[in-house]
Protein chains: 2
Amino acid sequence: MKRDQSTEEKIKAAAKKVFMTKGFDGCSVRDIAKEVGSNVALLNYYFRSKEKLFELIFEGAMSDFLQSMIAVFSSELSLKEKVSQLIDKEFDFFMEHPELPMFILQSLHQNKTDAPMPSHFLEPIANTGIFEQFEQAKARGEIRDVSIRNVTMLLMSNVHYPFMSKKLTKQFHGISTEEFDEDLKKHKEIVKELITNYLFISNPKA
Amino acid sequence: MKRDQSTEEKIKAAAKKVFMTKGFDGCSVRDIAKEVGSNVALLNYYFRSKEKLFELIFEGAMSDFLQSMIAVFSSELSLKEKVSQLIDKEFDFFMEHPELPMFILQSLHQNKTDAPMPSHFLEPIANTGIFEQFEQAKARGEIRDVSIRNVTMLLMSNVHYPFMSKKLTKQFHGISTEEFDEDLKKHKEIVKELITNYLFISNPKA
DNA sequence: CCAAAATTTAAACAATTGTTTAATTTTTTC
DNA sequence: GAAAAAATTAAACAATTGTTTAAATTTTGG
């Protein structure tokens, strides 16, 4: 029956590469086939349509996107250490996959459907108990009286945006990729200090 | 010679609307023509090609994008007040044009050319003297020893990203547009406090 | 080794793409 | 008001789009 598992995987890898860099609208199925080194018909043989193939790639990307978050939240650390580690791990992760934030946000942005995020993405995060840990820390007066939604916005802004704005930032300051990467590293440290300083009250209950 | 200035403007307005929401690759010239309520050929009569029309729209968007920044920097305020006002004004501006950050970053991201930003965009900013004001404040010990590039990254991240991530954030938290807008307002205040607290040393020279 | 199944290919499909041509309508100019 | 210029249209163009068909090739199972 099955002859070569690797063909299906090769197509997925090529599709991921092409979709990530050019976006759904910015590429043709022939672009992907060329990347695979095969015929266009093969793509539809395995994945029915361009749209179906894209949905598969997007789901995988979204899963990766949320994975590093879950790993940190599942640990047995204090909230302060979790926040610090989250910033660290997410930065390291996006250093390896710098195109991911843009791909996710752009795909959602141009997605016609307002379909809600499937629960299999969100439940694992809720199941880490991070929300309860946050509310308890707030109740104990260890952190500021700020909503977790606002903390999330703060974290995502500072972790995702720099990777999305590489071209704008490089052109804006007229700097090289090396200089930009230096700025990225420094930014990570600034954000860690900034957010932990803001969020955590130095003398709890005092 | 000229009959109706408004036709050219109507096409530009339609192109702006369509390009902004769907992106260059996500729309056809016929989409724009339909938005205008006229023929496709009219677009090329006025603007030669889809690409030329897009470049025009993009340049205008980039100009708007940087304009609110220049207005604040040109004022006679202290650095601290400028930073605070910048966040305020940029937020208000993007409330009116929420699709602008995504359009700019996405267009740059998929732009094949690595052409540098034209100087007519950057010079007005440099001419405000903001860079000198920043370095002087640093020399006086009023602000932290952090590069202006890192401050820029901090500001842009927190000001642009929330408008780009609306769909992700709404789906992530399962909230309505009204709730999201409330979060946005709160985010603005948090960012103002966060960045000014971080950047400005409370007791200079001490 | 041979038939059946699975895989891969080339070719064609109708629809859509950006652009151009040429004709028509509207406006301007004198 | 008639000739000239400008604006607008319909139609066609070649190329590209996603998808399908049918034939060819390769692999599998007995």
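Only heavy atoms go into these numbers, but all of them, side chains included; no hydrogens, no water, no symmetry mates. Protein chains get the first letters and strands the later ones, always in sequence-line order, with residue 1 at the start of each.
- Of the candidates dT19(C), dA10(C), dT17(D), the closest approach to any side-chain atom of Ala41(A) belongs to dA10(C).
- Per the geometry, CG belonging to Asp25(A) stands 15 Å off P belonging to dT16(C), to the nearest Å.
- With distances taken from any side-chain atom of Tyr45(A) to the nucleotides dT19(C), dT7(C), dA7(D), the minimum falls on dT7(C).
- If you find the closest nucleotide of DNA chain D to Gly37(B) and to Ser28(A), the one lying nearer the 5' end belongs to Gly37(B).
- Aromatic pair Phe103(B)/Phe163(B): centroids not less than 6.0 angstrom apart.
- Between Thr7(B) and dT8(D), a side-chain N or O to OP1/OP2 separation shorter than 4.0 Å is present.
- Inspection of the Thr177(B) and Lys170(B) side chains reveals an N or O donor paired with an N or O acceptor under 3.5 Å.
- At most 12 heavy atoms of other shown residues, nucleotides or ligands fall within 6.0 angstrom of atom NZ in Lys16(B).
- Phosphate contact (OP1/OP2 of dT8(C), side-chain N/O of Tyr46(A), threshold under 4.0 Å): present.
- Distances from the side chain of Asn44(B) to the nucleotides dT8(C), dT9(C), dT19(C) place dT19(C) closest.
- Mapping Asp31(A) and Asn39(A) onto DNA chain D via the closest heavy atom, the residue that lands nearer the 5' end is Asp31(A).
- No side-chain N or O of Thr196(B) forms a donor-acceptor pair with one of Lys80(B) less than 3.5 Å apart.
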